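Chain naming here is simple, since letters A, B, ... match the order of the sequence lines and numbering starts at 1 in each. These figures come from a predicted structure and were not determined experimentally.
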Number of protein chains: 2
Amino acid sequence: MSTDIDTSSKSLSGKRISESTINRLSLYYRALSLLEKEGYETVSSKVLARREKLTPAQVRKDLSFFGSFGTRGLGYPVADLKKEIAVILGIDRVWRVALVGIGNIGSALVSYKEFARQGFQIVKLFDNDQRKIGSNHKGIIVSDINNLATELAEDNIEMVVLTVPATVAQYIVDEIVKAGIKAILNFAPVNLKVPDDIYLRNENMSMELEYLSFAIVNNHTQKKVKL
Amino acid sequence: MSTDIDTSSKSLSGKRISESTINRLSLYYRALSLLEKEGYETVSSKVLARREKLTPAQVRKDLSFFGSFGTRGLGYPVADLKKEIAVILGIDRVWRVALVGIGNIGSALVSYKEFARQGFQIVKLFDNDQRKIGSNHKGIIVSDINNLATELAEDNIEMVVLTVPATVAQYIVDEIVKAGIKAILNFAPVNLKVPDDIYLRNENMSMELEYLSFAIVNNHTQKKVKL
DNA sequence: AATGTAATGTGAAAAGCTTCACAATTGAAT
DNA sequence: ATTCAATTGTGAAGCTTTTCACATTACATT
Ligand SMILES: NC(=O)c1ccc[n+]([C@@H]2O[C@H](COP(=O)([O-])OP(=O)(O)OC[C@H]3O[C@@H](n4cnc5c(N)ncnc54)[C@H](O)[C@@H]3O)[C@@H](O)[C@H]2O)c1
Ligand SMILES: NC(=O)c1ccc[n+]([C@@H]2O[C@H](COP(=O)([O-])OP(=O)(O)OC[C@H]3O[C@@H](n4cnc5c(N)ncnc54)[C@H](O)[C@@H]3O)[C@@H](O)[C@H]2O)c1
């Protein structure tokens with residue numbers, strides 16, 4: 001047993017948390033939000049697992065990387081665990097996000113209230129189309145892409161959502177990196193080159209449809225593919 | 001059963017193909033399309049890997065699950081390999097897709113020409129909003145959600161893209177399943193329950209933003225960029 | 001024909017991730 | 001106070017995926 005006073009969360013130094021674990025934390029967070037609304041005070045790994053189609057062992061293992069949040073015999077305190085996960089994921093704060101490319105998908109994302117509710121506030125929009133620059137989208141005036149660097153800095157932007165055509169995505173991402181942004185969510189179906197210290201995630205919808213196509217054609221089972 | 005002579009593709013019975021391998025096939029396909037446009041006739045696993053930030057061994061291993069498509073000393077024939085992958089993924093044909101929920105994100109997806117170019121043709125739209133039913137989106141008249149089952153069948157729809165509010169997603173998905181659809185791409189941030197024989201994929205954008213948030217806050221060293 | 005070079009295809013090793021299984025702990029019931 | 005039931009936290013086992021390394025093959029050059 002530990003003799004010192006344990007402040008629930010563990011130090012992560014030296015530990016490598018897998019991408020899958022991080023993604024599952026998002027699922028736990030979502031499930032806990034719902035459980036909280038439904039009035040649950042505690043939840044077992046078994047119930048939490050069932051809610052997101054995972055296994056109880058997986059839930060416990062994932063959480064154990066970050067601390068001991070549960071009570072043996074009882075389960076996890078819903079509200080507290082939710083807060084803990086928010087801290088781990090870094091969503092216990094507001095992130096100032098800019099979006100570049102106010103086209104079809106960009107407009108849809110700006111209108112999406114759930115992002116702001118999760119702490120991701122889109123506060124800046126950029127485009128290169130003169131008809132769009134200066135126009136108002138959900139209370140935000142679209143800025144000229146030529147002012148990207150200065151306005152990103154002025155507004156303390158920390159993340160950028162990129163929804164420009166694939167043909168210009170690499171050029172724009174280079175500008176975003178030059179401006180000092182460290183995290184980018186890209187929707188263009190192209191493999192962007194960024195320095196090692198930039199966090200880049202890609203949203204690839206065609207890939208998901210192609211997965212479905214493969215599944216049907218090869219008569220494959222959801223988790224483990226059997227041909 | 002089959003007494004066919006062996007064609008270039010391997011017999012895959014009993015072999016398990018990982019989800020990652022399938023996803024990487026999509027990336028190879030994308031890279032090959034580009035290489036073809038650029039005029040390349042052959043490509044080595046080394047070059048193909050560099051194009052999508054993977055390793056040459058991974059490329060060769062992935063492809064080897066499905067056959068021997070390359071020539072030692074030379075590499076892979078670009079156009080042929082592209083066709084082979086199209087067959088494997090089942091995108092050497094047109095898929096008839098319906099979209100349910102013509103809101104912000106649904107409208108963006110309907111306008112997205114790249115899907116059709118990849119063989120995913122959105123040919124049917126459904127909504128429950130009287131102001132939307134009967135209206136024209138990119139040449140498609142929005143149908144009443146109440147006619148879902150009959151119209152999906154009449155139109156030989158094989159996949160559904162679901163872009164309705166999270167609160168009604170489970171109800172709608174039940175109807176879609178009842179109508180005999182086997183593949184669904186869901187955008188609502190909710191864990192949908194479907195029978196084992198239904199292929200369901202989820203597009204979760206909040207999860208990607210939360211990953212970025214985690215990465216920044218924890219100064220997370222990423223092994224690889226998420227596909 | 002022989003040699004050199006490039007690059008595949010693939011078993012085997014290494015690394016990574018998930019599941020197992022159980023001691024430990026808590027709260028409730030007797 | 002003791003027993004019982006529930007459930008966590010975790011090392012170890014089991015499984016999957018990735019990487020390694022090299023024999024093999026094809027073509028070009030001499
Ligand atoms: N629409 C979808 O459903 C969908 C789905 C998946 C992926 N995508 C991808 O998302 C991206 C955007 O798609 P879309 O359908 O919204 O396209 P779109 O043409 O509607 O929007 C692109 C926007 O980017 C702006 N833009 C172009 N060049 C720019 C530049 N140099 N600087 C700043 N802004 C610039 C345009 O003015 C336009 O507003 C594309 O890469 C597309 O492949 C779209
Ligand atoms: N907008 C985004 O950028 C975004 C991003 C990620 C996820 N999502 C998710 O996608 C879904 C749609 O988001 P949105 O922003 O487009 O919302 P939206 O409200 O603009 O669109 C939803 C559409 O579904 C229709 N609808 C509602 N109930 C229906 C029913 N019973 N049958 C048929 N149609 C019905 C509505 O009439 C509307 O047209 C939501 O689940 C949302 O969480 C949206």
Between [N] atom [atom2] and [X] atom [atom1], what is the distance in whole Å?
X	N	atom1	atom2	result
B:Lys53	D:dT18	NZ	C1'	19 Å
B:Phe66	C:dT8	CZ	P	18 Å
A:Arg60	C:dC22	CZ	P	14 Å
B:Leu63	D:dT19	CG	P	15 Å
A:Glu19	C:dT18	CD	P	11 Å
A:Leu54	C:dT19	CG	P	9 Å
A:Glu41	D:dT7	CD	P	16 Å
B:Asp62	D:dT18	CG	C1'	10 Å

Checklist line | salt bridge (Lys or Arg N to Asp or Glu O under 4.0 Å) against A:Arg50, all qualifying residues, sequence neighbours excluded | finding: none

Next item on the list: Please name all residues satisfying salt bridge (Lys or Arg N to Asp or Glu O under 4.0 Å) with B:Glu203, sequence neighbours left out, ordered by chain then number.
Entry: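 In terms of salt bridge (Lys or Arg N to Asp or Glu O under 4.0 Å), with neighbours along the sequence ignored, B:Glu203 is linked to no residue.
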
From [options], pick the nucleotide closest to the side chain of [X]?
X	options	result
B:Arg24	D:dG9, D:dT18, C:dT19	D:dT18
B:Gln58	D:dT10, D:dT17, D:dT19	D:dT19
A:Lys61	D:dG9, D:dT16, D:dG11	D:dG11

Item checked: Over 12 non-hydrogen atoms of neighbours within 6.0 angstrom of OH in A:Tyr40 ->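 Result for OH/A:Tyr40: open.
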
With sequence neighbours left out, what residues match [X] under side chain to side chain donor-acceptor pair (under 3.5 Å)?
X	result
A:Thr163	none
A:Gln118	none
A:Ser18	A:Thr21
A:Glu210	B:Ser26

Note to self: If the threshold is 4.0 Å, N to carboxylate O, is there a salt bridge linking A:Glu158 and A:Arg96?
What the structure shows: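 Salt bridge flag = no for A:Arg96 with A:Glu158.
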
Per the salt bridge (Lys or Arg N to Asp or Glu O under 4.0 Å) rule, what does the pair list look like for [range], sequence neighbours excluded?
range	value
residues 27-41 of chain A	A:Arg30-A:Glu52, A:Glu36-A:Lys82, A:Glu38-A:Arg51
residues 170-191 of chain A	A:Glu175-A:Lys178, A:Lys182-A:Asp197
residues 61-72 of chain B	B:Arg24-B:Asp62

Checklist line | First of A:Ser20 and B:Gly75 reached from the 5' end of DNA chain C, by closest nucleotide | finding: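 So the residue in question is B:Gly75.
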
Next item on the list: Could you encode protein contacts along nucleotides 24-30 of chain D as a string, one character per nucleotide from 5' to 3', using B for base contact, S for sugar-phosphate-only contact and - for no contact, with a heavy-atom cut-off of under 4.0 Å?
Entry: BBS----

Check: Given B:Leu162, which of B:Val168, B:Leu192, B:Leu185 fulfils the side-chain contact (heavy atoms from CB on, under 4.5 Å) condition?
Finding: B:Leu192

Check: Counting just side-chain N and O atoms, does A:Tyr76 come under 4.0 Å of either OP1 or OP2 of C:dT26?
Finding: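 No, A:Tyr76 has no side-chain N/O under 4.0 Å of OP1/OP2 on C:dT26.
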
Next item on the list: Find the bend of the helix from C:dA1-D:dT30 to C:dT30-D:dA1 as the angle between its two terminal axes (five pairs each), to the nearest 10°.
Entry: 0°

Notebook entry, point to check: Tell me, which of residues 43-50 of chain A have any heavy atom that sits under 4.0 Å from an atom in DNA chain C?
Noted result: none

